[in-house]
Undergrad: 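This is the structure I have questions about; it appears just below.
Here the structure is a predicted model, which is why all the values come from computation and not from measurement.
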Amino acid sequence: MVFTIVGVLYTWLPPPPRIFFNWLKYQQFKFLVYILLIHSARLGWPDRNAGRGIGIRALAESALTFSLSFAACSVSGGAIMKINGRCWNCLCAIIAVWATGWSTSTDAVPVVSGAEFGQLDWYEGSGLIQGESSWGRFDFDVSADPTDIYYLNVRAGNANGLGVNFTPADDWIIQNVPLFSGDIAEPNERNTIDFNIRDLGLSAGTNLQNLEVEIAVTLNVLTSSSDVSAAADPVLTQPYTVGNIIRNATGTLDGNGTVLGLTPSIVGEPSGHKSQTAVDKKNIIQHKKVPAVQENLNECLPGSFARSIKWLDHEYDKFNIKRTAQQILDDLKGRKVGANFFVASGKNKNTYEDMVASKLAYVRETNSLEMKVLDIKNLFNFMGIEVSGISPIDFLFRELKTEDVELDYGHHIITVTGIYKQGKKIYIKFRDDETQGNNALGDTGIKRGQLTKGADGFWEFRRDPVKGSPGSFFDVRVVFSESVPEPSSLALFGAGIVLLLIVSLRGKRALYSRSCVSGK
């Protein structure tokens with residue numbers, strides 16, 4: 001609208017006297033003015049950091065529309081300027097007003113809504129491990145900008161008992177989470193991000209009841225908490241009640257099938273999302289339409305497999321599986337896939353290898369599937385399909401381009417939906433059931449977490465390598481990927497799968513099954 005008003009007034013100005021300019025130079029000068037407006041809009045605009053008002057792209061498009069339409073019309077008007085030059089300028093102004101409205105309507109700054117905050121209580125079965133833990137959680141809906149990546153920042157303060165007028169302390173709990181554009185990610189998405197309540201000056205065991213929050217969505221990354229306050233959206237800057245979230249954290253099984261319990265130190269602390277670096281689209285891979293699956297206790301293995309199978313079915317349209325992802329989970333459970341079917345001894349034993357082979361056999365009943373296993377901890381003996389000589393990060397970036405991926409980090413398996421580099425940090429997006437047995441609180445959206453490299457050289461997930469307890473509990477152990485193979489690879493793949501099934505049926509090694517930590 002600013003460009004429209006300026007443009008209309010400017011076109012009504014008469015040309016300067018010929019003593020200063022001739023008519024052609026006047027048109028060139030007018031064109032130059034609009035080019036400068038375009039350049040200034042692209043370099044910076046006051047409202048863009050606040051994430052409000054007309055988007056920078058719309059401003060640039062409007063300026064370009066003015067410069068081209070006015071220049072063209074003025075040239076046309078110059079040929080018959082004696083008839084009615086101002087009529088041509090009026091026509092140009094009308095065209096520009098229409099073009100401005102059109103270009104603005106295509107710009108959509110991401111809208112964040114449905115904000116909720118929670119604090120996790122960890123349980124093992126029916127027993128409480130850690131109440132009021134250091135794990136905080138922020139859930140929100142986001143509608144993406146069509147082409148631009150924006151950044152989400154959250155500044156908060158502990159408002160317990162301090163009322164609605166509490167001013168947030170300098171607690172920048174979530175920093176520069178990239179909100180992917182619609183050409184990369186889903187246009188509308190429910191997100192979950194962890195944060196550490198220690199950032200609020202609180203220790204584990206403290207009941208966080210209320211937060212005073214400032215939420216900002218900006219086109220550029222922010223570098224200080226004061227920037228968050230300056231750009232915060234008034235609609236989202238308000239007190240929030242912090243809900244209690246039950247998190248099931250069942251321990252692993254030993255060789256005899258006995259559950260090994262967890263302790264509060266194993267629960268650890270979240271690393272959250274903190275970065276002050278922009279992302280580049282070339283460093284982002286994102287799957288769309290990965291379905292949600294609700295799991296019961298200890299069903300993360302069939303749950304992660306079911307999401308992946310249905311995504312492949314939708315992405316390639318070759319399997320023709322007339323089943324929902326939830327029904328596929330039930331099918332896999334019928335084939336004894338899952339920790340609940342782990343048997344340590346006896347002729348009916350069901351090992352991790354058996355469960356993976358069952359998944360592969362399920363898909364092969366309708367179409368061929370190519371499978372790769374990056375066995376970091378040497379859990380398997382899958383001849384022909386194991387991958388070596390590549391880091392988990394490189395494997396993820398390579399496979400996610402065209403294939404589904406599941407990641408095993410010790411006591412849980414998740415379906416990876418995306419990966420991105422932000423500076424030197426690596427983050428993944430994923431789906432899992434974070435509260436198994438409760439469908440209302442389970443697989444409700446896309447989650448994010450950072451992959452970090454531990455002192456022992458192994459990549460870790462869902463623990464803070466600085467604040468959390470050291471150890472291998474959250475080490476990434478296995479990464480699976482599957483895809484529809486090219487025709488030329490089917491013969492070689494057939495030999496590999498036969499060997500896989502032979503090894504699995506022999507049960508050479510009684511391996512630990514997945515006992516799930518729901519979401520953590």
Side-chain angles (χ1 to χ4, degrees), residues 135 137-139 142 149 151-152 174-180 184-186 189-195 268 270-275 277 279-293 300 303-305 307-308 311 372 374 376 390-434 443-454 458-465 468 473-482 514 516-520:
W135 291 82
R137 197 180 79 178
F138 174 45
D139 297 280
V142 60
I149 297 175
Y151 297 90
L152 173 76
I174 295 174
Q175 300 180 10
N176 295 305
V177 174
L179 304 178
F180 296 155
I184 298 175
E186 301 283 359
E189 188 177 82
R190 184 72 174 171
N191 279 256
T192 294
I193 300 173
D194 299 317
F195 65 91
S271 56
H273 195 296
K274 293 186 176 182
S275 175
T277 307
V279 295
D280 192 317
K281 286 187 178 182
K282 68 181 181 181
N283 292 325
I284 300 172
I285 301 175
Q286 172 73 58
H287 287 178
K288 296 183 178 182
K289 301 187 183 303
V290 179
V293 170
C300 60
S304 64
F305 286 170
R307 293 182 195 91
S308 291
W311 178 81
K372 304 183 188 72
L374 182 63
I376 302 164
I390 186 172
S391 74
I393 304 303
D394 291 339
F395 186 79
L396 284 166
F397 269 102
R398 186 185 75 182
E399 300 302 303
L400 279 168
K401 291 179 180 179
T402 57
E403 308 187 9
D404 72 52
V405 174
E406 304 97 38
L407 184 146
D408 170 345
Y409 62 97
H411 291 254
H412 194 43
I413 298 180
I414 58 177
T415 307
V416 182
T417 66
I419 186 170
Y420 59 96
K421 292 181 180 179
Q422 194 166 7
K424 295 182 179 180
K425 295 183 177 181
I426 305 293
Y427 294 95
I428 62 172
K429 299 179 73 173
F430 63 98
R431 294 201 81 118
D432 73 337
D433 190 336
E434 56 195 21
D443 186 356
T444 58
I446 303 295
K447 305 168 187 68
R448 303 185 189 223
Q450 183 182 352
L451 285 164
T452 56
K453 198 168 188 178
F458 287 102
W459 284 90
E460 299 175 336
F461 185 61
R462 307 299 279 174
R463 84 182 292 107
D464 188 334
F473 183 85
F474 288 97
D475 280 357
V476 175
R477 307 194 311 171
V478 189
V479 186
F480 302 96
S481 74
E482 299 88 20
R514 298 296 56 93
C516 304
V517 177
S518 293
K520 296 290 181 283

Undergrad: Should K288 and E189 count as an ion pair when the cut-off is N to O under 4.0 Å?
TA: no
Undergrad: Which value, rounded to the nearest 0.5 Å, describes the distance between I184 atom CD1 and Q286 atom CD?
TA: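 Here the interatomic distance stands at 8.5 Å.
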Undergrad: Does NZ or CZ of K274 come closer than 6.0 Å to the centre of the six-membered ring of F195, within 45° of the ring's axis?
TA: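 Pair K274/F195 does not count as cation-pi.
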Undergrad: Identify whether the distance between the nearest side-chain nitrogen and carboxylate oxygen of D443 and R431 falls below 4.0 Å.
TA: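 Yes, D443 and R431 are salt-bridged.
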Undergrad: Run the salt-bridge test on E399 and K372 with the 4.0 Å N-O cut-off and return the result as yes or no.
TA: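 Salt bridge present between E399 and K372.
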Undergrad: If you round to the nearest 0.5 Å, how far is CG of L400 from CD1 of I284?
TA: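 Interatomic distance, I284 CD1 to L400 CG, rounded to 0.5 Å: 13.0 Å.
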Undergrad: Looking at side-chain heavy atoms only, is the closest gap between R307 and D433 below 4.5 Å?
TA: yes
Undergrad: Assess the residue pair L396 and L451 against the criterion (side chain to side chain contact (heavy atoms under 4.5 Å, CB included)); give the C-alpha distance rounded to whole Å, side-chain angles, the decisive distance to 0.1 Å, and a yes or no.
TA: CA-CA 11 Å; L396 284 166; L451 285 164; 3.8 Å; yes
Undergrad: Using a 4.5 Å cut-off on heavy atoms from C-beta on, say whether the side chain of N191 contacts that of K447.
TA: no
Undergrad: Does any N or O in the side chain of E460 come within less than 3.5 Å of the main-chain N or O of G454, such that one atom is a donor and the other an acceptor?
TA: no
Undergrad: Compare all side-chain heavy atoms of L374 with those of I390 and state whether any distance is below 4.5 angstrom.
TA: yes
Undergrad: Side chains of D404 and T415: closer than 4.5 Å at any heavy-atom pair?
TA: no
Undergrad: Answer whether the closest heavy-atom distance between the side chains of Y427 and P178 falls below 4.5 Å.
TA: no
Undergrad: For side chain to side chain contact (heavy atoms under 4.5 Å, CB included), just list the numbers for V177 and R448, CA-CA rounded to whole Å, side-chain angles, deciding distance to a tenth of an Å, and then say yes or no.
TA: CA-CA 9 Å; V177 174; R448 303 185 189 223; 3.5 Å; yes
Undergrad: Kindly give the heavy-atom pair with the smallest separation between G272 and Q450, and that separation in Å.
TA: O-OE1, 4.4 Å
Undergrad: Do F138 and I174 have side-chain heavy atoms sitting under 4.5 Å apart?
TA: yes
Undergrad: Checking side-chain polar atoms at under 3.5 Å, does E406 have a donor or acceptor matched by the opposite partner on S308?
TA: yes
Undergrad: With side chains defined as the heavy atoms from C-beta onward, is the minimum distance between H273 and Q175 less than 4.5 Å?
TA: no
Undergrad: Testing the basics here: between I414 and H412, what is the closest heavy-atom pair and its distance to 0.1 Å?
TA: CG2-CD2, 3.6 Å
Undergrad: Do I446 and R190 have side-chain heavy atoms sitting under 4.5 Å apart?
TA: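 Result no, sub-4.5 Å side-chain heavy-atom pair not found.
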Undergrad: Using 30° and 60° as the class limits, which term best fits the ring planes of Y420 and F180: parallel, tilted or perpendicular?
TA: perpendicular
Undergrad: Go through the side-chain N and O atoms of D139 and T192 and say whether any donor and acceptor fall under 3.5 Å apart.
TA: yes
Undergrad: What's the spacing between I193 CD1 and R137 CZ if we round to 0.5 Å?
TA: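 Between atom CD1 of I193 and atom CZ of R137 there are 11.5 Å.
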Undergrad: Classify the ring geometry between F305 and F480 as parallel (under 30°), tilted (30 to 60°) or perpendicular (over 60°).
TA: perpendicular
Undergrad: Determine, step by step, whether I413 and D432 satisfy the side chain to side chain contact (heavy atoms under 4.5 Å, CB included) criterion, reporting the C-alpha distance in whole Å, the side-chain angles of both residues, the deciding distance to 0.1 Å, and the verdict.
TA: CA-CA 8 Å; I413 298 180; D432 73 337; over 6 Å; no
Undergrad: In terms of the angle between their ring planes, are F430 and F461 parallel, tilted or perpendicular, with boundaries placed at 30° and 60°?
TA: perpendicular
Undergrad: Heavy atoms only: give me the nearest H287-E403 pair and the separation to one decimal.
TA: CE1-O, 2.9 Å
Undergrad: So how far is it from I419 CD1 to N283 CG, rounded to the nearest 0.5 Å?
TA: 10.0 Å
Undergrad: Looking at CG of N176 and NZ of K425, how far apart are the two atoms once the value is rounded to the nearest 0.5 Å?
TA: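 Reported to 0.5 Å precision, the distance equals 10.0 Å.
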Undergrad: Starting from the C-alpha separation in whole Å, work towards a yes-or-no answer on side chain to side chain contact (heavy atoms under 4.5 Å, CB included) for L407 and V476.
TA: CA-CA 7 Å; L407 184 146; V476 175; 4.1 Å; yes
Undergrad: Measuring from atom NZ of K421 to atom OG of S275, what distance do you get when rounded to the nearest 0.5 angstrom?
TA: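 K421 NZ to S275 OG: 13.5 Å, rounded to 0.5 Å.
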Undergrad: Can the ring centres of F458 and Y409 be said to be less than 6.0 Å apart?
TA: no
